[in-house]
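Report on the structure given below.
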Amino acid sequence: MAVQYAVKAEVVNIQFDTPQKDDIFLVDTNVWYWLTYTQASTSARSYQINDYPAYLTKIISAQGLLLYCGLSLAELAHNIEQAERAIFSTTLNTKEYRHNEPTERANVVAEVLAAWGQVTSIAVSTDVTIDEITTNASLTRFQTQLLDGYDLLFLEAMDKAGVVQVITDDGDYVTVPGIKVFTANRNVITAARNQGKLITR
(Lines give C-alpha, C1' and ligand atoms only; values in the text may rest on other atoms or scores of the structure.)
Protein backbone atom coordinates (compact mmCIF):
# COMPACT_ATOMS: atom_id res chain seq x y z
CA MET A 1 0.00 0.00 0.00
CA ALA A 2 1.33 3.45 -0.89
CA VAL A 3 1.94 5.89 1.96
CA GLN A 4 -0.73 8.57 2.10
CA TYR A 5 1.15 11.69 3.17
CA ALA A 6 -0.80 14.65 4.56
CA VAL A 7 1.56 17.33 3.24
CA LYS A 8 1.83 20.41 5.45
CA ALA A 9 5.39 21.47 4.55
CA GLU A 10 6.44 23.09 1.31
CA VAL A 11 8.26 20.58 -0.90
CA VAL A 12 11.03 21.25 -3.43
CA ASN A 13 12.18 18.72 -6.02
CA ILE A 14 15.98 18.83 -5.80
CA GLN A 15 16.33 17.58 -9.37
CA PHE A 16 15.05 20.95 -10.61
CA ASP A 17 16.29 23.31 -7.90
CA THR A 18 19.28 25.63 -8.05
CA PRO A 19 20.76 26.28 -4.59
CA GLN A 20 21.61 29.86 -3.66
CA LYS A 21 24.48 31.32 -1.65
CA ASP A 22 22.18 32.27 1.25
CA ASP A 23 20.65 28.79 1.51
CA ILE A 24 21.03 26.97 4.82
CA PHE A 25 20.00 23.31 4.99
CA LEU A 26 19.92 20.70 7.70
CA VAL A 27 20.93 17.44 6.03
CA ASP A 28 19.11 14.33 7.26
CA THR A 29 21.07 11.20 8.16
CA ASN A 30 19.81 9.21 5.16
CA VAL A 31 21.44 11.72 2.81
CA TRP A 32 24.73 11.61 4.73
CA TYR A 33 24.61 7.82 4.48
CA TRP A 34 24.28 7.84 0.69
CA LEU A 35 26.98 10.48 0.32
CA THR A 36 29.59 9.04 2.67
CA TYR A 37 29.19 5.29 3.11
CA THR A 38 31.22 3.30 0.57
CA GLN A 39 28.72 0.42 0.42
CA ALA A 40 25.55 2.54 0.25
CA SER A 41 24.82 1.37 -3.27
CA THR A 42 24.20 -2.19 -2.03
CA SER A 43 20.84 -1.19 -0.55
CA ALA A 44 20.00 2.23 -2.00
CA ARG A 45 17.97 3.11 -5.05
CA SER A 46 19.90 4.75 -7.86
CA TYR A 47 18.30 8.18 -7.37
CA GLN A 48 19.36 8.14 -3.71
CA ILE A 49 23.04 7.64 -4.42
CA ASN A 50 22.99 9.98 -7.42
CA ASP A 51 20.54 12.85 -6.83
CA TYR A 52 21.35 13.66 -3.21
CA PRO A 53 25.15 13.76 -3.51
CA ALA A 54 24.77 15.80 -6.72
CA TYR A 55 22.53 18.30 -4.94
CA LEU A 56 24.95 18.65 -2.01
CA THR A 57 27.72 19.32 -4.52
CA LYS A 58 25.58 22.10 -6.05
CA ILE A 59 25.04 23.65 -2.62
CA ILE A 60 28.77 23.59 -1.87
CA SER A 61 29.51 25.15 -5.29
CA ALA A 62 26.93 27.88 -4.61
CA GLN A 63 28.55 28.47 -1.18
CA GLY A 64 25.37 27.54 0.65
CA LEU A 65 25.60 26.21 4.20
CA LEU A 66 25.12 22.55 5.10
CA LEU A 67 24.32 21.63 8.68
CA TYR A 68 24.46 18.31 10.49
CA CYS A 69 23.01 17.32 13.83
CA GLY A 70 25.23 15.38 16.22
CA LEU A 71 22.40 12.85 16.57
CA SER A 72 23.20 11.80 13.00
CA LEU A 73 26.34 10.08 14.27
CA ALA A 74 24.25 7.59 16.27
CA GLU A 75 21.90 6.92 13.37
CA LEU A 76 24.69 6.77 10.79
CA ALA A 77 26.78 4.37 12.89
CA HIS A 78 23.75 2.14 13.42
CA ASN A 79 22.86 2.10 9.72
CA ILE A 80 26.43 1.39 8.63
CA GLU A 81 26.78 -1.45 11.15
CA GLN A 82 23.50 -2.97 9.94
CA ALA A 83 24.58 -2.75 6.32
CA GLU A 84 28.02 -4.21 7.01
CA ARG A 85 26.47 -7.09 8.97
CA ALA A 86 24.03 -7.84 6.12
CA ILE A 87 26.91 -7.88 3.63
CA PHE A 88 28.99 -10.16 5.85
CA SER A 89 26.35 -12.62 7.05
CA THR A 90 22.63 -13.24 6.92
CA THR A 91 22.74 -15.55 9.95
CA LEU A 92 24.54 -13.51 12.64
CA ASN A 93 22.48 -11.21 14.82
CA THR A 94 23.80 -7.75 15.69
CA LYS A 95 25.37 -8.73 19.03
CA GLU A 96 27.08 -11.80 17.56
CA TYR A 97 28.43 -9.72 14.70
CA ARG A 98 29.62 -6.92 16.96
CA HIS A 99 31.31 -9.11 19.59
CA ASN A 100 32.39 -12.24 17.74
CA GLU A 101 33.86 -10.79 14.57
CA PRO A 102 36.70 -8.39 15.55
CA THR A 103 37.92 -7.88 11.98
CA GLU A 104 34.41 -6.95 10.91
CA ARG A 105 34.09 -4.62 13.91
CA ALA A 106 37.27 -2.88 12.78
CA ASN A 107 35.70 -2.48 9.31
CA VAL A 108 32.59 -0.92 10.80
CA VAL A 109 34.65 1.48 12.89
CA ALA A 110 36.73 2.49 9.87
CA GLU A 111 33.60 3.06 7.77
CA VAL A 112 31.92 5.17 10.46
CA LEU A 113 35.06 7.24 11.10
CA ALA A 114 35.50 7.88 7.37
CA ALA A 115 31.82 8.74 6.88
CA TRP A 116 31.68 11.07 9.87
CA GLY A 117 34.93 12.71 8.83
CA GLN A 118 33.35 13.58 5.49
CA VAL A 119 30.23 14.97 7.18
CA THR A 120 32.20 17.22 9.51
CA SER A 121 34.52 18.39 6.73
CA ILE A 122 31.70 19.81 4.57
CA ALA A 123 29.04 20.77 7.12
CA VAL A 124 28.67 22.73 10.34
CA SER A 125 27.19 21.30 13.52
CA THR A 126 23.82 22.41 14.81
CA ASP A 127 22.93 20.53 17.93
CA VAL A 128 20.25 20.36 20.51
CA THR A 129 20.50 19.70 24.21
CA ILE A 130 18.32 16.73 25.05
CA ASP A 131 16.82 17.95 28.29
CA GLU A 132 13.31 18.09 29.75
CA ILE A 133 12.33 21.14 27.71
CA THR A 134 13.45 19.49 24.45
CA THR A 135 11.84 16.15 25.21
CA ASN A 136 8.56 17.82 26.19
CA ALA A 137 8.58 19.83 22.95
CA SER A 138 9.30 16.64 21.02
CA LEU A 139 6.41 14.83 22.71
CA THR A 140 4.07 17.70 21.87
CA ARG A 141 5.18 17.57 18.24
CA PHE A 142 4.85 13.75 18.26
CA GLN A 143 1.10 14.09 18.86
CA THR A 144 0.44 15.95 15.60
CA GLN A 145 3.36 15.16 13.28
CA LEU A 146 4.10 11.65 12.05
CA LEU A 147 7.82 11.44 12.88
CA ASP A 148 10.17 9.01 14.60
CA GLY A 149 12.25 9.89 17.65
CA TYR A 150 15.36 10.99 15.77
CA ASP A 151 13.36 13.26 13.48
CA LEU A 152 11.60 14.89 16.42
CA LEU A 153 14.98 15.85 17.86
CA PHE A 154 16.33 16.97 14.48
CA LEU A 155 13.37 19.35 14.23
CA GLU A 156 14.19 20.74 17.66
CA ALA A 157 17.76 21.33 16.43
CA MET A 158 16.35 23.10 13.36
CA ASP A 159 14.13 25.29 15.56
CA LYS A 160 17.05 26.17 17.82
CA ALA A 161 19.17 27.17 14.80
CA GLY A 162 16.31 29.03 13.09
CA VAL A 163 16.59 26.76 10.04
CA VAL A 164 13.51 25.82 8.01
CA GLN A 165 15.07 23.86 5.12
CA VAL A 166 15.85 20.14 5.36
CA ILE A 167 17.28 17.80 2.73
CA THR A 168 15.82 14.34 3.17
CA ASP A 169 14.33 11.32 1.46
CA ASP A 170 12.10 10.74 4.48
CA GLY A 171 8.49 11.61 3.68
CA ASP A 172 7.62 11.95 7.37
CA TYR A 173 9.03 15.48 7.33
CA VAL A 174 6.25 16.69 5.02
CA THR A 175 3.80 16.43 7.93
CA VAL A 176 5.54 19.40 9.57
CA PRO A 177 4.07 22.84 8.80
CA GLY A 178 6.41 25.80 8.40
CA ILE A 179 9.39 23.96 6.90
CA LYS A 180 10.66 23.29 3.37
CA VAL A 181 11.50 19.72 2.48
CA PHE A 182 14.07 19.33 -0.32
CA THR A 183 13.78 15.82 -1.73
CA ALA A 184 14.05 13.50 -4.72
CA ASN A 185 11.52 11.05 -3.26
CA ARG A 186 8.99 10.54 -6.07
CA ASN A 187 6.12 9.54 -3.75
CA VAL A 188 6.63 12.66 -1.65
CA ILE A 189 6.89 14.89 -4.72
CA THR A 190 3.71 13.42 -6.20
CA ALA A 191 1.80 13.83 -2.93
CA ALA A 192 3.01 17.44 -2.62
CA ARG A 193 2.01 18.21 -6.22
CA ASN A 194 -1.44 16.70 -5.70
CA GLN A 195 -1.96 18.70 -2.51
CA GLY A 196 -0.65 22.00 -3.92
CA LYS A 197 2.47 22.00 -1.74
CA LEU A 198 5.15 21.46 -4.41
CA ILE A 199 6.99 24.71 -5.00
CA THR A 200 9.59 25.98 -7.43
CA ARG A 201 12.06 28.55 -6.14
Side-chain angles (χ1 to χ4, degrees), residues 1-3 5 26-56 66-132 134-136 138-139 141-142 145-158 166-175 181 183-188:
M1 176 190 311
V3 180
Y5 294 110
L26 179 71
V27 181
D28 195 11
T29 307
N30 53 38
V31 177
W32 291 128
Y33 178 85
W34 297 315
L35 176 73
T36 65
Y37 174 44
T38 61
Q39 301 295 323
S41 63
T42 61
S43 61
R45 296 180 177 147
S46 62
Y47 82 89
Q48 293 168 330
I49 58 172
N50 292 314
D51 295 347
Y52 290 104
Y55 191 66
L56 294 187
L66 298 173
L67 302 175
Y68 68 87
C69 182
L71 290 166
S72 282
L73 173 60
E75 199 172 17
L76 190 61
H78 173 77
N79 292 345
I80 289 172
E81 183 181 49
Q82 271 191 326
E84 288 289 311
R85 179 175 59 85
I87 291 166
F88 179 73
S89 170
T90 58
T91 59
L92 291 177
N93 69 38
T94 301
K95 296 290 187 183
E96 291 167 337
Y97 176 72
R98 186 179 298 151
H99 293 277
N100 301 352
E101 299 294 338
T103 302
E104 283 300 306
R105 178 62 179 177
N107 265 358
V108 171
V109 170
E111 286 284 356
V112 171
L113 289 173
W116 195 247
Q118 289 178 65
V119 170
T120 59
S121 72
I122 62 172
V124 175
S125 176
T126 182
D127 290 313
V128 62
T129 302
I130 303 173
D131 56 14
E132 186 175 6
T134 303
T135 54
N136 287 342
S138 294
L139 283 172
R141 189 185 297 275
F142 187 65
Q145 297 162 10
L146 306 174
L147 303 161
D148 70 18
Y150 281 111
D151 297 339
L152 293 168
L153 294 170
F154 288 163
L155 285 166
E156 293 306 315
M158 287 175 65
V166 60
I167 303 169
T168 185
D169 199 58
D170 185 348
D172 294 347
Y173 279 91
V174 301
T175 66
V181 176
T183 190
N185 183 320
R186 300 305 308 160
N187 294 334
V188 169

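Everything quoted here is computed from the prediction, not taken from an experiment.
Taking the side chain as every heavy atom from C-beta outward, Tyr37 and Asn79 never approach each other to under 4.5 Å. Within the 4.5 Å cutoff, the side chain of Phe142 has no heavy atoms near those of the Leu147 side chain. Between His78 and Tyr150, every side-chain heavy-atom pair lies at or beyond the 4.5 Å cut-off. The shortest distance between side-chain heavy atoms of Leu146 and Tyr5 does not fall below 4.5 Å.
Closest approach of Thr126 and Ala157 over heavy atoms only: OG1-O, 3.7 Å. In terms of heavy-atom proximity, Val27 sits nearest to Trp32 at O-NE1, 3.2 Å. Scanning all heavy atoms of the two residues, the minimum distance from Leu76 to Ala115 falls at CD2-CB, 4.0 Å. Taking all atoms of both residues into account, the shortest heavy-atom contact from Thr120 to Gly117 is OG1-O, 3.3 Å. Ala77 and Val112 make their closest contact through CA-CG2, 3.8 Å (heavy atoms, listed as atom of the first residue, atom of the second, distance).
Here Glu104 contributes atom CD and Arg85 contributes atom CZ; the two are 11.5 Å apart, rounded to the nearest 0.5 Å. Rounding to the nearest 0.5 Å places CD1 of Ile167 at 12.5 Å from CG of Asp51. Once rounded to the nearest 0.5 Å, the distance linking CG of Leu26 with CG of Leu66 reads 9.5 Å. Note that the CD1 atom of Ile49 and the OG atom of Ser43 stand 9.0 Å from one another [nearest 0.5 Å]. A distance of 12.0 Å separates CD in Gln82 from CD1 in Ile87, rounded to the nearest 0.5 Å. The distance from atom OG1 of Thr135 to atom CG of Leu152, rounded to the nearest 0.5 Å, is 11.0 Å.
Glu111 and Thr38 form a side-chain donor-acceptor contact under 3.5 Å, judged by distance and modelled atom types alone.
Ring planes of Tyr68 and Trp116: perpendicular class, angle over 60° (limits at 30 and 60°).
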Run Leu92 and Asn100 through side chain to side chain contact (heavy atoms under 4.5 Å, CB included) and show every step you take.
CA-CA 9 Å; Leu92 291 177; Asn100 301 352; 5.7 Å; no

Using the side chain to side chain contact (heavy atoms under 4.5 Å, CB included) rule, take Phe154 and Thr29 through it: C-alpha gap first, then chi angles, then the decisive distance, then the call.
CA-CA 10 Å; Phe154 288 163; Thr29 307; 3.4 Å; yes

Show, in sequence, the C-alpha distance, side-chain angles and deciding distance for Tyr97 and Glu84, and conclude whether the side chain to side chain contact (heavy atoms under 4.5 Å, CB included) test is met.
CA-CA 9 Å; Tyr97 176 72; Glu84 288 289 311; 3.3 Å; yes

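Side chain of Thr134 to backbone of Thr129: a donor-acceptor contact under 3.5 angstrom is found. For the pair Thr36 (side chain) and Gln118 (backbone), a donor-acceptor distance under 3.5 Å is absent.
Legend: residues meeting side chain to side chain donor-acceptor pair (under 3.5 Å) with Asp169, ordered by chain and number and at least two apart, are Tyr47, Gln48, Tyr52. For Glu101, there are no side chain to side chain donor-acceptor pair (under 3.5 Å) partners at least two apart in sequence or on another chain. Listed by chain and number, the residues in a side chain to side chain donor-acceptor pair (under 3.5 Å) with Thr168 are Asp28, Asn30 (sequence neighbours excluded).
Here Arg105 pairs with Glu81 in a salt bridge; the nearest charged N to carboxylate O distance falls below 4.0 Å.
Just one of Asp151, Ile130, Asp127 meets the side chain to side chain contact (heavy atoms under 4.5 Å, CB included) condition when paired with Leu71; it is Ile130.
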